[in-house]
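Following: one structure in structure tokens, then a few remarks.
Note that the numbering runs from 1 along the sequence shown for the chain.
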Amino acid sequence: MPKAKGKSRRHKYSYNLNRKRLYRSARRRAAPRIACSHIRHAWDPHKSVAQNLADMGLAEDPNKAVPIPKKLLGMEVESDGQQPGKKIVRKPYVVNEMELEASLPEKKSNTLSRDLIDYVRYMIQNHGENYKEMARDEKNYYQDTPKQIKRKINVYKNFYPEEYKNFIASLKPEKMEVQ
């Protein structure tokens with residue numbers, strides 16, 4: 001089957017097309033990407049970034065917001081107690097919501113896989129604290145060394161301290177019955 005005519009030909013660059021104008025108009029339409037939802041809802045697209053942040057009580061440049069005090073020959077300069085250019089905050093609720101969100105305790109999202117938990121519990125149940133014996137166990141599929149097994153057990157202890165205590169407490173009566 002023959003080739004389509006003109007497909008193998010080199011394409012010519014169009015010098016008359018103004019690509020800057022096209023790019024600029026596309027940029028103007030796109031809103032800035034804002035990660036914080038509180039800022040996003042209070043954002044006014046008709047104002048500049050500096051004006052929006054000043055309305056919310058936030059600083060555009062941290063170096064200007066919190067200036068480093070100047071020292072003269074090891075002595076600090078005393079200020080009159082006046083702050084030049086005190087800004088009016090029109091949207092204080094943004095900062096209040098952000099402070100409230102920051103003060104909430106962080107939720108732990110650390111979890112271990114069910115396989116690792118079962119592996120650690122099996123090893124502790126059958127071998128106690130003998131890590132060398134655990135390394136020679138047939139269920140040690142990944143051929144972990146004694147130190148690696150000890151590390152996995154410590155991770156389990158740190159992630160689930162209550163569950164570990166209950167598990168150890170449940171093992172003690174079994175050992176007493178055997179002896």
Side-chain angles (χ1 to χ4, degrees), residues 26-27 30-45 48-50 52-77 79 83 87 89 91-179:
R27 261 186 48 208
R33 290 189 173 194
I34 302 170
C36 181
S37 64
H38 307 298
I39 296 174
R40 190 179 309 120
H41 293 301
W43 195 266
D44 185 4
S48 70
V49 174
N52 270 309
L53 292 175
D55 285 350
M56 293 178 213
L58 301 173
E60 180 187 18
D61 185 8
N63 295 324
K64 292 178 183 174
V66 184
I68 299 172
K70 296 179 181 178
K71 296 182 180 180
L72 296 174
L73 301 174
M75 297 177 65
E76 291 186 20
V77 176
S79 63
Q83 293 183 344
K87 308 261 183 189
V89 179
K91 299 176 184 177
Y93 61 89
V94 175
V95 175
N96 295 338
E97 289 172 355
M98 289 173 67
E99 285 177 351
L100 181 69
E101 188 177 326
S103 68
L104 294 174
E106 189 176 331
K107 189 174 83 172
K108 276 191 175 180
S109 62
N110 297 340
T111 57
L112 295 177
S113 68
R114 190 75 238 162
D115 294 336
L116 182 63
I117 293 171
D118 293 340
Y119 172 76
V120 167
R121 295 181 109 202
Y122 169 83
M123 290 297 185
I124 294 172
Q125 192 171 10
N126 290 333
H127 304 292
E129 294 287 320
N130 191 348
Y131 300 109
K132 287 184 181 179
E133 206 174 296
M134 289 180 194
R136 287 192 299 267
D137 193 290
E138 63 186 17
K139 291 259 184 162
N140 185 7
Y141 299 127
Y142 297 110
Q143 297 183 356
D144 293 329
T145 63
K147 280 191 174 184
Q148 288 172 325
I149 295 171
K150 185 176 183 178
R151 206 174 300 127
K152 287 181 180 181
I153 291 172
N154 287 335
V155 167
Y156 175 68
K157 285 179 189 177
N158 293 335
F159 277 45
Y160 304 103
E162 292 297 320
E163 188 178 319
Y164 177 76
K165 287 177 187 174
N166 294 337
F167 177 65
I168 295 298
S170 69
L171 288 179
K172 288 184 180 178
E174 293 177 12
K175 288 186 178 180
M176 293 179 125
E177 291 173 9
V178 173
Q179 290 178 352

Who are the side-chain contact (heavy atoms from CB on, under 4.5 Å) partners of [X], not counting sequence neighbours?
X      : answer
Lys147 : Thr145, Arg151
Val95  : Leu58, Glu99
Ser113 : Asp115, Leu116
Ala54  : none

Write down the atom of [X], the atom of [Y], and the distance for their closest heavy-atom approach.
X      : Y      : answer
Gln125 : Leu171 : CG-CD2, 3.7 Å
Lys91  : Ala42  : NZ-O, 2.6 Å
Gln148 : Gln143 : OE1-O, 4.2 Å

What is the distance from atom [atom1] of [X] to atom [atom2] of [Y], rounded to the nearest 0.5 Å?
X      : Y      : atom1 : atom2 : answer
Ser37  : Glu101 : OG    : CD    : 6.0 Å
Met134 : Ile124 : CE    : CD1   : 6.0 Å
Asn52  : Trp43  : CG    : CH2   : 4.5 Å
Asn140 : His127 : CG    : NE2   : 9.0 Å

**OP:** Only pairs at least two apart or in different chains count here, so list each salt bridge (Lys or Arg N to Asp or Glu O under 4.0 Å) that has a residue in residues 128-144.
**Re:** Asp144-Lys152

Please tabulate, one pair per line, all N/O donor-acceptor pairs under 3.5 Å involving side-chain atoms of residues 160-169, not counting sequence neighbours.
unit_1 : atom_1 : unit_2 : atom_2 : d
Tyr160 : OH     : Leu112 : N      : 3.3
Glu163 : OE2    : Tyr156 : OH     : 3.0
Asn166 : ND2    : Glu162 : O      : 3.3

